[in-house]
Amino acid sequence: MDHRLIRKLRPRLLAWLRRSRSGRVLFMKRFPYKDIKRATDGFESIMYTTSHIAAYKARFQDGGVVLIKEMRDYDQGKDAFYREVQLLGRLHHRHLLALKGFSTGHKRLLIFDNIERGSLKEHLTDPLRTPLDWRTRLQIVIGVVAALEYLLLFNEPPMYHVSISSSSIMLDENFNAKLSDVGLQSSGENYVTVPHTSCAKDCMGQECGNIMFQLGVLILELITGQSADDGGADLVQWIREYRFCSSIHKMLDPDLGNSYDSRELKSLLAVAKLCVRYGDKPKTSILHVLRYLHKKIESPHD
């Protein structure tokens, strides 16, 4: 390359690097606040809320339905928020809801990808929705576990701040599960981009124990069709009972009818029981769970 061209480009490259390090968001669309307010009906179309997040369904003028997340009590400054936006923007997996952009108007907002079919919870609890068949439920479980494998084992640092619930799992047009609550921490919690050292390579520490527990509860929701708004206490108590096998058929979601595979049901229950059994000291890892599911359950696409 011509040395004169290098000298000409060098100041621009250095300026680009300085902007990157200062927390400026690069290659991510900034949405006008007024457009988001209009698309969410004045922030009335609530999908779910937690102590630090409010998630809204938004329909823009182009007709697309997306998820908007408002970060509440996020007091780490704009640069920290921008770094997290960049971190989330780098995540790419077919079972993660992709980040499309952000807004820093009156609220700190994240704009995520298409959620045309809404949340998993809506499909489990809304009688007006078409019931999920057995193959679709298997597809959802395997998709969630695959996303966790990506977040925990194929990211540096690993993404331990993950919320797994039927409310925060979105479904695309093919009923593929999309995790939507990943990455950003609320005020007062550990900053998510700081690497954790308590997990071994296969992820067996407390952070992963919490994730495994949530996964177990989610599987029980899919099997029973019951909501886990109370943290799944009733479902966890049921599967921890010594003779829970004798009451399986009473607990099955009536929407399943007789369409499920008994062998696959037992395999899913075994995974759920293992996930909720040890609390914050898991005896297995996400990787082992994924391998077990692929071994015991036929591909939902077959």
Side-chain angles (χ1 to χ4, degrees), residues 48 95 117-127 129-149 162-171 174-179 209-279 282-284 286 288-302:
Y48 65 90
H95 293 294
R117 293 196 182 274
S119 71
L120 172 59
K121 182 176 180 179
E122 290 175 300
H123 287 271
L124 290 175
T125 61
D126 187 346
R129 297 267 186 170
T130 302
L132 300 175
D133 62 27
W134 180 247
R135 305 309 295 170
T136 300
R137 298 183 198 217
L138 294 181
Q139 173 181 298
I140 289 170
V141 173
I142 292 175
V144 169
V145 176
L148 292 176
E149 179 194 36
V162 184
S163 177
I164 308 167
S165 71
S166 58
S167 297
S168 61
I169 292 174
M170 302 297 148
L171 301 177
N174 296 316
F175 291 96
N176 290 308
K178 304 278 187 176
L179 300 190
N210 295 333
I211 293 171
M212 295 289 283
F213 185 89
Q214 292 178 61
L215 174 62
V217 172
L218 176 71
I219 292 173
L220 293 177
E221 282 190 87
L222 284 164
I223 289 173
T224 65
Q226 297 183 26
S227 174
D229 289 338
D230 60 351
D234 292 341
L235 294 175
V236 171
Q237 182 179 354
W238 166 65
I239 201 171
R240 283 176 172 172
E241 291 176 357
Y242 180 69
R243 299 184 180 276
F244 87 97
C245 288
S246 62
S247 59
I248 288 176
H249 296 291
K250 295 180 182 178
M251 294 291 288
L252 276 178
D253 187 348
D255 286 339
L256 285 171
N258 295 317
S259 66
Y260 62 91
D261 182 293
S262 296
R263 179 182 58 84
E264 292 174 338
L265 172 63
K266 290 179 181 178
S267 296
L268 270 190
L269 284 168
V271 171
K273 189 170 185 178
L274 188 62
C275 286
V276 304
R277 185 174 182 182
Y278 295 102
K283 299 298 182 182
T284 190
I286 291 295
H288 294 151
V289 169
L290 187 60
R291 287 174 177 171
Y292 177 84
L293 289 174
H294 280 307
K295 181 180 179 182
K296 295 291 185 180
I297 296 175
E298 297 179 9
S299 170
H301 300 288
D302 288 347

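No experiment lies behind these values; they were computed from the predicted model shown.
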Seminar exercise, completed: Exactly one candidate in Leu252, Ile223, Leu138 meets side chain to side chain contact (heavy atoms under 4.5 Å, CB included) with Tyr260; the answer is Leu252
Ignoring hydrogens, what is the shortest heavy-atom contact between [X] and [Y]? Give both atom names and the distance.
{"X": "Ser163", "Y": "Ser168", "value": "O-OG, 3.4 Å"}
{"X": "Leu235", "Y": "Met251", "value": "CD2-CE, 4.1 Å"}
{"X": "Gly216", "Y": "Ala272", "value": "O-CB, 3.8 Å"}
{"X": "Leu290", "Y": "Glu149", "value": "CD2-OE1, 3.1 Å"}
{"X": "Val144", "Y": "Ala177", "value": "CG2-CB, 4.0 Å"}
{"X": "Met212", "Y": "Val289", "value": "CE-CG2, 3.7 Å"}

Quick check for you: to the nearest 0.5 Å, what is the distance between [X] atom [atom1] and [Y] atom [atom2]?
{"X": "His95", "Y": "Leu148", "atom1": "NE2", "atom2": "CG", "value": "11.0 Å"}
{"X": "Glu264", "Y": "Arg137", "atom1": "CD", "atom2": "CZ", "value": "13.5 Å"}
{"X": "Ile140", "Y": "Leu124", "atom1": "CD1", "atom2": "CG", "value": "7.0 Å"}
{"X": "Ser247", "Y": "Ile239", "atom1": "OG", "atom2": "CD1", "value": "10.0 Å"}
{"X": "Ser165", "Y": "Leu218", "atom1": "OG", "atom2": "CG", "value": "8.0 Å"}
{"X": "Ser259", "Y": "Trp134", "atom1": "OG", "atom2": "CH2", "value": "8.5 Å"}

Exercise. Sub-3.5 Å donor-acceptor pair from the side chain of Asp253 to the main-chain atoms of Leu256, do we have one?
Worked result: no
Problem set entry | Check: Asn174 side chain, Asn176 main-chain N or O, donor-acceptor pair, under 3.5 Å | no
For this session: Check whether more than 12 heavy atoms from other residues, nucleotides or ligands sit under 6.0 Å from atom CG of Asn258, and answer yes or no.
Result: no
Exercise. With sequence neighbours left out, what residues match Asp255 under side chain to side chain donor-acceptor pair (under 3.5 Å)?
Worked result: none
Taking the side chain as C-beta and beyond, is there a heavy-atom pair between [X] and [Y] under 4.5 Å?
{"X": "Leu171", "Y": "Gln139", "answer": "no"}
{"X": "Ile142", "Y": "His294", "answer": "yes"}
{"X": "Tyr292", "Y": "Val145", "answer": "no"}
{"X": "Asp234", "Y": "Trp238", "answer": "no"}
{"X": "Leu220", "Y": "Leu269", "answer": "yes"}
{"X": "Leu222", "Y": "Leu268", "answer": "no"}
{"X": "Leu120", "Y": "Leu132", "answer": "yes"}

Exercise. Just one of Lys121, Glu221, His123, Glu122 clears the side-chain hydrogen bond (donor to acceptor under 3.5 Å, both in side chains) bar with Ser166, so which one?
Worked result: Glu221
Exercise. Under the side chain to side chain contact (heavy atoms under 4.5 Å, CB included) criterion, do Ile286 and Leu215 qualify, and how do the steps go?
Worked result: CA-CA 10 Å; Ile286 291 295; Leu215 174 62; 4.2 Å; yes
